[in-house]
Amino acid sequence: MSGSNEISRRDFIKVTTGIVGGLIGVAIGLPSISYLIDPALREGGKDAWISIGKFEDMQIGMPYPFSFTRVQVNGWERTSSSFGGYAIRKSDDSKDLLILNSRCTHLACTVNWHAESDAFLCPCHDAKFSKEGQVLDGPPPRPLDVYDEFRLSEDGHIEIFFKAG
Amino acid sequence: MWKKVYEWLDERLGLNDIYTNLLDRAEPKGNWWNTLGSASMFLFVMQGLTGIFLTIYYTPSPDHAYDSIQYIMEGVAYGWLIRGIHHWGATLMVIVVFIHLLRVFVTASFKFPRELTWLIGIGLFLATLGMGFTGYLLPWNQRAYWATTVGTQIAGSVPFIGEFILKALRGGPELSALTLQRFFSAHIWMLPAALAGLIGVHLYLIIKHGESHFPTRED
């Protein structure tokens, strides 16, 4: 093949097979990768405003318990997760609320309001939080989480903004 | 640089020998009917790859089998493509393997010294049919359910040991979760392992004996 532009029949077949094979590989390979990593590219569940109870039912200074469930669809299966917390009304102003998440910041057990000790107690490792959510005793590394985005709906319900994930 | 790397590898792996024996071996005069074996193997590899990918989302339980396939078809990116290739590739593979078998029969290529190649080929054909039969149940829809009911019932009509065969296939007297699970196991482990092993011997024999030439008037 010295000095000539012609390629032999053999080489032509080799090159053609290589190109066609490569094209098929790309046409199927790229969608396959997309198929594999698809779940990683998805957004989590949807954010939502969730009603936790009527504002007028909450007594000033008394932690008002609430709970709600979120359903997450994973592929062909639905998983529901429960969430809860306490709303503490401080005055007549609906913005003057402290809404605590009852998930213990230590290892995620659920804390309960204990009126006699005037504190939230965690049944798992004896953690103790004040009415404001501050750590009074036990192993938690930080105060209780706070739902700081909330609003009063037109029909008098307090709604919190729930961020998925 | 690359040449040196290649030469180092070739000295130890015998890459050139493999190439010569696999891809550069002497062939009788070219004929498209002789390509059906390669086509069958290509389909086998294709079914293997798409099948492995399907197991990422498929789940072989009566509660979820149907839903998981719905999810593959509608929820996952290119799931329809992967399953489509597997679905149509299955039909195509049965057809191609069967025509390959017919070609070998018609050209009398099964004669000495290739009797074993032929017998193993029959085994490969039966295993391919087994793949089709077991794979058909996995979508767990009405068609799959009743096709398997009928198929296992036919196997159960064998005299004397029919009932045993039926129970062994179904994992009990009725079609159940056990049936789905064992069909799945056969479909992704037992039959593919048998196919891969038999294909290995089949290929070895073909390379050893070379391909048969087409019979002429003198034959």
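All values below come from the heavy atoms of this structure, side chains included, with hydrogens, waters and symmetry mates left out. The sequence lines fix the lettering, A, B, ..., with proteins before strands; numbering per chain opens at 1. Keep in mind that what you see is a predicted model, and the values were worked out from it rather than measured.
- Within a 6.0 Å sphere centred on CZ of B/Arg143, other residues, nucleotides and ligands contribute 12 heavy atoms or fewer.
- Side-chain rings of A/Phe162 and A/Trp49 stay apart, their centers remaining 6.0 Å or farther from each other.
- Only the side chain of B/Ile85 comes within less than 4.5 Å of a heavy atom of chain A; its backbone N, CA, C and O stay farther away.
- Checked against the 6.0 Å centroid threshold, A/Tyr86 and A/Tyr64 do not count as a close aromatic pair.
- Looking at B/Leu54, the atoms closer than 4.5 Å to chain A (heavy atoms on both sides) sit in the backbone and in the side chain alike.
- If you measure heavy-atom distances from B/Tyr66 to chain A, you find no contacts under 4.5 Å at all.
- Using a 4.5 Å cut-off between heavy atoms, A/Ile28 touches chain B through its side chain atoms alone.
- Within a 6.0 Å radius of OH in B/Tyr78, no more than 12 heavy atoms belonging to other residues, nucleotides or ligands are found.
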